[in-house]
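Here's the structure we're looking at; comments come further down.
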Amino acid sequence: MKFQRRVVSRGSRVLAILGSIVRVVEFDAVELDVDRVTLSFGYPRKSDLSFLLEGDTVEAFIGGAPWFEGRELELEDIGVSVYVKPSNTLSEGLRFRFIYEVLPKLVISLDLDMLRELALITTRGGVEFIALYMEGGSLLVLEGDRYKVTIPSLEALAAIHTHPDGGCGLSEADVKSAAHALADLALFEAVVTPSCAFYIARIGFLDEPDFELLLNNSGGMVNPVELATVKAGRTALSGVENHITSLY
């Protein structure tokens, strides 16, 4: 696989911030109730998350996680400090379930132009690409082979690779690869074509029955799926807005 470029994108920045918050809350959790734990930003509450696209400091508050004592994170690739603090307020903020569910669509929307351009190259010539979203906030874009891309052994928050138009789904090998990535705490994996994206995300910690089900998958995945700790879905890219709107 050829190294192509390392950049910071809108999607890689936002995913690094939100993903680092999720990861640090998960770190000390034995069990995670995704419908109880909440995330909010600032007082008064910020409902438009476009502020995540600028500035060098983010203050986040976590509710419903009594084990969490707070943490300061430094995202070196984007020069952002994230201060994650415990909160006693449960009624405000985003439920963690929603964060897990929305991240794939949010990142694809923010990086739509770049991902669609790569998918068009795949459609024209067959060479697939993969975008790896790193914890520090950068994005690695790597070139694969014709109709094949192998995900390297790099710890990433998420991975998105291209398919030619008409291939909006995960192959059997893609599903198995995603199962291992989600078990290792990646947030999602996705496939993008010029007109469509298909993603698979974990919702909280991937449980053993869902892991086994994904590993035993035959024929790939082209239709939406909802399991206890996994959600897979399809989204058309036509008309997708590449900016952050209110998520509350």
Side-chain angles (χ1 to χ4, degrees), residues 3-29 32 34 37-42 46 48-62 65 68 70-85 93-94 96 98-115 118 129-142 151-161 178 181-182 184-190 192 197 199-205 242-245 247:
F3 176 79
Q4 291 299 296
R5 62 183 184 269
R6 186 186 190 110
V7 299
V8 171
S9 68
R10 287 158 54 93
S12 71
R13 177 186 170 96
V14 170
L15 181 58
I17 294 170
L18 294 176
S20 69
I21 294 169
V22 169
R23 285 270 190 92
V24 78
V25 173
E26 292 176 338
F27 184 76
D28 293 325
L32 183 65
V34 297
V37 180
T38 60
L39 165 64
S40 58
F41 295 97
K46 293 183 174 70
D48 182 352
L49 296 187
S50 60
F51 78 94
L52 295 178
L53 294 170
E54 56 189 25
D56 57 10
T57 302
V58 174
E59 190 175 40
F61 297 89
I62 302 298
F68 184 66
R71 199 78 58 85
E72 177 182 344
L73 308 170
E74 295 294 334
L75 305 181
E76 296 180 356
D77 296 344
I78 55 177
V80 173
S81 299
V82 183
Y83 300 91
V84 193
K85 304 177 181 181
L94 300 167
F96 256 44
F98 178 75
I99 296 171
Y100 287 111
E101 291 178 343
V102 79
L103 277 177
K105 292 178 285 187
L106 179 59
V107 172
I108 291 168
S109 171
L110 288 170
D111 286 350
L112 179 61
D113 292 342
M114 177 198 69
L115 295 170
L118 293 173
F129 295 84
I130 185 167
L132 297 174
Y133 290 80
M134 310 307 292
E135 289 184 314
S138 61
L139 171 64
L140 300 181
V141 181
L142 306 175
I151 299 176
S153 298
L154 295 173
E155 185 174 344
L157 290 171
I160 301 175
H161 70 276
L182 299 182
D184 289 337
L185 299 184
L187 293 165
F188 68 87
E189 290 205 356
V192 171
Y199 64 87
I200 181 168
R202 64 180 175 91
I203 311 299
F205 296 122
N242 61 349
H243 65 274
I244 300 179
T245 57
L247 296 181

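Source: prediction; values computed, not measured.
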Mind checking whether [X] and [Y] have side chains closer than 4.5 Å, heavy atoms only?
| X | Y | result |
| --- | --- | --- |
| Phe68 | Val37 | no |
| Val80 | Arg13 | yes |
| Phe129 | Leu115 | no |
| Leu18 | Leu52 | yes |
| Leu15 | Leu103 | yes |
| Asp77 | Arg6 | yes |
| Phe205 | Leu185 | yes |
| Ile21 | Ile62 | yes |

Q: Grab the two heavy atoms, one from Leu182 and one from Ala201, that are nearest each other, plus how far apart they are.
A: CD1-C, 4.1 Å
Q: With sequence neighbours left out, write down each residue that passes side-chain hydrogen bond (donor to acceptor under 3.5 Å, both in side chains) with Glu74, or none if nothing qualifies.
A: Ser81
Q | For Tyr133, side-chain hydrogen bond (donor to acceptor under 3.5 Å, both in side chains) partners two or more places apart | A | Asp111
Q. Can you check whether Leu187's main-chain N or O pairs, donor with acceptor, with Arg23's side chain at less than 3.5 Å?
A. no
Q: Can you measure from CE (Met134) to CG (Leu75) and round to the nearest 0.5 angstrom?
A: 13.0 Å
